2 protein chains.
Amino acid sequence: MSKGNGTSPSKRPSVTLHDVAEAAGVHPSTVSRALDPASSRPVREATRVMIEETARKLGYRPHLLARGLKGGRSGAVGVVVADIGNVFFAPIIRGIALSLEDSSMMPTVAETQDDSARLKVVVDHLMSRQVDALVVLAARHGDREFLESVAEEVPVVLADRPLKGTTLPRAGQDNRAGGRLIAEHLLALGHRDIAQLAGSFDVGTLAERAEGFSETLRDAGIEELPIATHAETLTPAEGTRVMHELLSRARVPTAVFAHNDLLAVGAIAALRARGIRVPEDISIVGYDDMPLAGYLSPPLTTVAFQGLEIGRLAGDMVQAQLRGEATEDVVLPPRLMVRGTTRRLPV
Amino acid sequence: MSKGNGTSPSKRPSVTLHDVAEAAGVHPSTVSRALDPASSRPVREATRVMIEETARKLGYRPHLLARGLKGGRSGAVGVVVADIGNVFFAPIIRGIALSLEDSSMMPTVAETQDDSARLKVVVDHLMSRQVDALVVLAARHGDREFLESVAEEVPVVLADRPLKGTTLPRAGQDNRAGGRLIAEHLLALGHRDIAQLAGSFDVGTLAERAEGFSETLRDAGIEELPIATHAETLTPAEGTRVMHELLSRARVPTAVFAHNDLLAVGAIAALRARGIRVPEDISIVGYDDMPLAGYLSPPLTTVAFQGLEIGRLAGDMVQAQLRGEATEDVVLPPRLMVRGTTRRLPV
DNA sequence: CACCGTTAGCCAAACGTTTGGCAACTGGGT
DNA sequence: ACCCAGTTGCCAAACGTTTGGCTAACGGTG
């Protein structure tokens, strides 16, 4: 079935301010002021009502491009995300969008595929589009200087992923505390042979989780098993691969901290494939508390991550910065969700 | 830690075409033409190189708002999604973004929360933003007329969700065939007491799945168990709720088709809570083959849905329509993924 | 050397708004 | 009837581009 006529690519008649003015019998500037609630110049009530009526009748819609051109503000905020397809970022984006709605702004989403070169390209593109600000969820360690240079043009807010030693404001979670929580939990259960299933340390969240975790073990006088290969992507498949590598080591751990839930799921699959039981033989902890974590069997022990809230906070920070206000970093505390994949070590 | 100085909300010096022209010692219009590869008027090679050099040196970025105002095209495509936070939509959005990149366009995402009133609001907002086209993932049955009226202004493409009797083009899956596939699978396994765990029929995909499913049972001379309450949202929690309702019926099914994977997961949790085993006592089929479906235990039998591909196709259709070409509906065939939650009925 | 066709570059208008400068009108106080 | 303040509305410039019309220069031909 063929649809959409091939000839006219849908002309837009588009009612302008002038059309409304003409129909209402007033000058365009009067229409502009009548429709602007925060106008500096007053408009007679009767006129205003009449103009509004006319505008509604004609189906007038303000041309935000033109307004943006004049006012220097587009009302768009660039959201730079590592992977739009990833479950994990979705609630954050949603939080940002929800927050921006208050100022009738909208997010424009771009994806870096977690690649620093591509980050530069998409940020450039977003800047061309005259975004009023940038929210970056995809920051990797090496991107600091670039992002700070961008911040001289428009406000840049980091969400989720921190950047070591930066001046850029951030809304995120205390990942170091999260790592600590997990280590303490495993120690309390009697585990001593403990390993990490780690992702790239170029990602600040993961580096911090690892730090908090290792620190706690060290303080307890436990020597942590060395990290196997770092997972290149945060997917179940990588989790499986790295877990197999871990299992081929001389010393096999009794507990494993996977840097996120997807890795954990993959790791569990690897164990299951070898006939190793979770949590009877090996305890596993994930991170992020993804929506399905509680529905796995056994349900996954993990650390809750409030993506929606963090997105909302990041959106709020953007608006504050645009109003010229100073902003404080917001770091939410993590919460351990003890479920079924961890268990006291039998003596 | 306080960051971002409160005084200056980051001024943007912003290099314009004029600045480049002045620095290069030529007229702005010459710069415009030199930088436009598809310019109708030629520019001497030496001049062009010199101008490009100057532009690069000054860090010139085209002002897409201004360009859009002049040319009547913003290069933005509105993507209307029911719930940005939902796993399911993410790959579709990604596909759209990937496709649009070819024409250096970008998606602007807005969320309806699956509410028809909100749909109108966000579409209006997107139109104000002068999007060149709309991709709608959030269409509900009653939205047809509204969307068709919008289509008189800009191309509107449906992705995933169909709209009964519409002229709007669509990229999606053959959900009726999907429903059929599932029914055939269950019949082949010997099931006769079969029920649906249904979502709202205002959502075209779900209505079609149900139709294909019911049709097949009817043709086989099987009387389907009546649908319990329709799930209001497509979440595990709703799946659990509706499954409990189904179980309180006089006649309990031996096989259940849940309209999507999340409902299926919730349904399985409900069964597990009552000590009913899957698939030994009841077989369950989901729909969508979400990323984790194969990692559940037992792994979920479901129908694969190629979100990324559908998004890409929708993006391609948008571009075709913008070029004024006619487009054909694209309907991908479903594929049944038989995993561990379905089983031959013991005799 | 005059003429002509071609080509490179300049000028200015236009896209739809917002907004400061002005002018005109209104009405109240005298 | 007159003045002044206060209100209302008109005009035009500006935001950064693109693009059609125009001119100046160039090189070749008669």
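Within every chain, numbering begins at 1; the chains are lettered A, B, ... in the order of the sequence lines, protein sequences first and strands thereafter. Hydrogens, waters and symmetry mates are skipped; everything else that's a heavy atom, side chains included, is used. Treat the numbers as computed from the prediction; the structure is a model and nothing was measured.
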[N] [atom2] sits how many Å from [X] [atom1], rounded?
X      : N       : atom1 : atom2 : result
L35(B) : dG16(D) : CG    : C1'   : 14 Å
L69(A) : dC15(C) : CG    : C1'   : 9 Å
E22(B) : dC10(C) : CD    : P     : 13 Å
L65(A) : dG16(C) : CG    : P     : 11 Å
D19(A) : dC15(C) : CG    : P     : 11 Å
L17(B) : dC11(C) : CG    : C1'   : 14 Å
H18(A) : dT17(C) : NE2   : P     : 8 Å

### Message
Expected output is a numbered-order residue list: members of residues 50-63 of chain A with a heavy atom under 4.0 Å from any atom of DNA chain D. What is it?
### Response
none

#### Entry: Contact check, side chains of K164(B) and R144(B), non-hydrogen atoms, under 4.5 Å
no

### Query
Do the non-hydrogen side-chain atoms of L134(B) and V157(B) ever get within less than 4.5 Å of each other?
no

I'd like to know if the side chain of [X] reaches the main chain of [Y], judged simply by a donor and an acceptor atom lying under 3.5 Å from each other, with no hydrogens or angles considered.
X       : Y       : result
T16(A)  : H18(A)  : yes
Q319(B) : S99(B)  : yes
D132(A) : R73(A)  : no
R61(A)  : H125(B) : no

### Task
Could you please spell out the steps behind the salt bridge (Lys or Arg N to Asp or Glu O under 4.0 Å) verdict for R118(A) and E101(B)?
CA-CA 12 Å; R118(A) 236 185 96 84; E101(B) 237 169 55; 2.9 Å; yes

### Message
So for atom CD, which belongs to E22(A), do other residues, nucleotides or ligands contribute more than 12 heavy atoms lying within a distance under 6.0 Å?
### Response
no

### Message
As a quick check of understanding, evaluate salt bridge (Lys or Arg N to Asp or Glu O under 4.0 Å) for E52(B) and R33(B), giving each step before the final call.
### Response
CA-CA 11 Å; E52(B) 271 178 357; R33(B) 284 193 247 260; over 6 Å; no

## Note on the structure
Scoring nucleotides 4-13 of chain D by protein non-hydrogen atoms under 4.0 Å (B base, S sugar-phosphate only, - none) yields ----SBBB--

### Below 4.0 Å: OP1/OP2 of dG16(C) and any side-chain N or O of T16(A)
no

